[in-house]
Amino acid sequence: MAPPAERTDAQVVRDVLDGDRDAYRMLVRRYGSVLHAHALRMAGSEDEAGDLVQQAFVKGYRKLASCRDPERVGAWLFRILANLARDHVRSPRRKDISLQALPEIPAAPDGPEDEAARAEVRQRLRRALDRLTPEQQEAFVLKHVEGRSYEEIAAVMDLSVAALKMRVHRAREALQGLLREFA
Amino acid sequence: MNDDIRRYLDDEIGLDDLGGNARDEAEAWERLLAAFRAEAADAPPPPWLEERVMAEIRGLPEPRALARALGWLVRPLSIRVPPLAAGVAVAAVAAVLLWSGRGPTPTDVPEGSPTVVYVQFELKAPGARSVAVGGDFDGWSGTNALEDPDGDGVWTGRVAVQPGLHAYMFLVDGSDWVTDPEANHYADDGFGNRNAVLAVAAPAT
């Protein structure tokens, strides 16, 4: 049998379903970073992002027997996380804390004034992003921040490519207006 | 935003396809999007993630045991239904689901086998190389192939299922699970997807 790190996703899924619970650790290692990056961009807070990713992996474990394409279990887990993150952004409580919970950006080598300006820009971008609908925010982040293809995003969001393009377009227009408003 | 800019941002045309003003605007958009990317939060997953996930799943039943337990709860009954009870079953299903006449059609009760009903499935999928249907009635195997003999893009096929409520989807080209757009009812599968739901009434024999 191949060492755990060399086993394919489908083999790992089979191991877990056959009762090797510890094999699931391999999926957490393989996909933790990708899921966390998206959660962080949607939630804006490292604490919330970590909780979302934990929830996604636990939900994935519970539902693993219904994963229809074990070779693509990473995409399947991402979809679970994306749905959790979208619901999280929808929750009214979260809007109140997101601005106070902006993640830190490493200090720039320039002077403190440059850093203050960077922080100001960062805060305006985050505020603008937070004012989008959760669906627009997700579509924009997936397309223009994470650089995913429309086909890939359509599968995650369960939309046609045409409908998705319209959603991204609306998000860009809304952001343009919001950034003018914040200027 | 003019249409050329929209097409540029959607990767449909390149910067060289744009004229003077549109090109300036596209470059301004690129700067803005680059700012979003540069300022996007990015950090490795927390060091506690792996251990917390593993600790939480250690307290859960194994996934197959969970699936078996849930399957037992939702599995349709396959008992032989006497005529009077069949009428009650039909009424109950109709009352819950308000059959609308769309979606797959249960037809042709096979003689001597009142607990199985043939259901006609149909999906319009022009350009598909293959279409099959899968659901809880076949363990989501997706091996019940539909056919499009006249090449008009409408794939059809009949599948024997037991009376009850069944979740199903179409498998296109062997890899893409597609929700039936013409289903009567849908149910969330827990992952943001919608399964189509089919209500098959027990035949009145």
Side-chain angles (χ1 to χ4, degrees), chain A residues 16-19 21-22 24-25 28-29 32-33 35-37 40-41 44-47 49-50 53-54 57-59 61-66 68-69 76 79-80 82-83 86 102-103 105 118 121-122 125-126 129 140-141 144-147 150 155-158 165 168-169 172-173 175-176 179, chain B residues 1 3 5-7 9-12 28-30 32-68 70-71 134 136 140-142 169 171 175-177 179 188-195:
Chain A
V16 177
L17 292 177
D18 286 345
R21 206 181 299 245
D22 206 50
Y24 196 68
R25 185 185 297 276
V28 181
R29 285 182 189 165
S33 295
L35 267 60
H36 184 260
L40 191 49
R41 285 160 191 161
S45 141
E46 288 197 39
D47 286 344
V53 177
Q54 182 181 349
F57 276 118
V58 171
K59 188 168 184 178
Y61 177 81
R62 296 169 65 98
K63 302 277 188 179
L64 196 61
S66 68
R68 294 168 190 154
D69 188 357
W76 183 77
R79 192 167 177 150
I80 294 174
N83 288 332
R86 195 182 311 135
L102 287 169
I105 291 179
R118 276 166 56 91
V121 168
R122 184 189 67 206
L125 296 178
R126 185 71 230 183
L129 212 50
F140 180 84
V141 165
H144 288 304
V145 177
E146 298 185 13
Y150 274 124
V156 170
M157 297 189 72
D158 200 16
K165 283 185 174 181
V168 173
H169 175 62
R172 288 188 301 242
E173 287 195 324
L175 282 174
Q176 199 174 24
L179 290 170
Chain B
M1 182 189 302
D3 202 47
I5 300 297
R6 183 192 59 73
R7 292 175 62 208
L9 293 172
D10 285 342
D11 308 320
E12 293 171 6
W29 266 105
E30 282 299 345
L32 177 63
L33 296 176
F36 269 107
R37 280 190 289 275
E39 300 301 338
D42 204 358
W48 48 258
L49 177 69
E50 188 176 315
E51 289 313 319
R52 282 203 196 165
V53 169
M54 296 310 295
E56 195 166 344
I57 69 173
R58 266 182 217 115
L60 295 173
E62 290 178 9
R64 276 205 174 121
L66 266 174
R68 275 196 300 273
L70 291 171
D136 54 12
W140 296 97
S141 66
M169 289 182 85
L171 180 61
S175 59
D176 297 323
W177 287 93
T179 304
D188 193 335
D189 69 357
F191 307 107
N193 257 336
R194 288 185 314 162
N195 287 330

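Chain letters run A, B, ... following the sequence lines, proteins first, then strands; residues in each count from 1.
With chain B as partner, the option from A/Val168, A/Leu17, A/Val16 having the largest number of non-hydrogen pairs under 4.5 angstrom is A/Leu17. Interface summary for chain B: among A/Gln176, A/Glu173, A/Glu146, the most heavy-atom pairs under 4.5 angstrom belong to A/Gln176.
Among residues two or more places apart in sequence or in another chain, the ring pair (Phe, Tyr, Trp, His ring centres under 6.0 Å) test is passed with B/Trp140 by B/Trp177.
Between A/Arg25 and A/Asp22, at least one side-chain nitrogen of the basic residue sits less than 4.0 Å from a carboxylate oxygen of the acidic one, meeting the salt-bridge criterion. Ion pairing between a basic and an acidic side chain is recognised when a charged N comes within 4.0 Å of a carboxylate O; B/Asp10 and A/Arg172 show such pairing.
Within the 4.5 angstrom heavy-atom criterion, no atom of B/Glu30 approaches chain A. For a residue to count as touching a neighbouring chain, one of its non-hydrogen atoms must lie under 4.5 Å from one of that chain's; by this rule A/Leu175 touches chain B with the side chain only. Interface remark: B/Glu50 contributes backbone and side-chain atoms alike to the contact with chain A (heavy atom separation under 4.5 Å). Residue B/Leu171 does not touch chain A at all, counting heavy-atom pairs closer than 4.5 Å. With a threshold of 4.5 angstrom between heavy atoms, B/Asp176 does not approach chain A through any atom at all.
When all heavy atoms are compared, the tightest approach of A/Ala82 to A/Val156 is CB-CG1, 3.6 Å. Between A/Arg21 and B/Ile57, the shortest heavy-atom distance links the atoms NH1-O, 2.8 Å.
Of the possible polar contacts, one joining the A/Tyr24 side chain to the A/Tyr61 backbone as a donor-acceptor pair under 3.5 Å is found.
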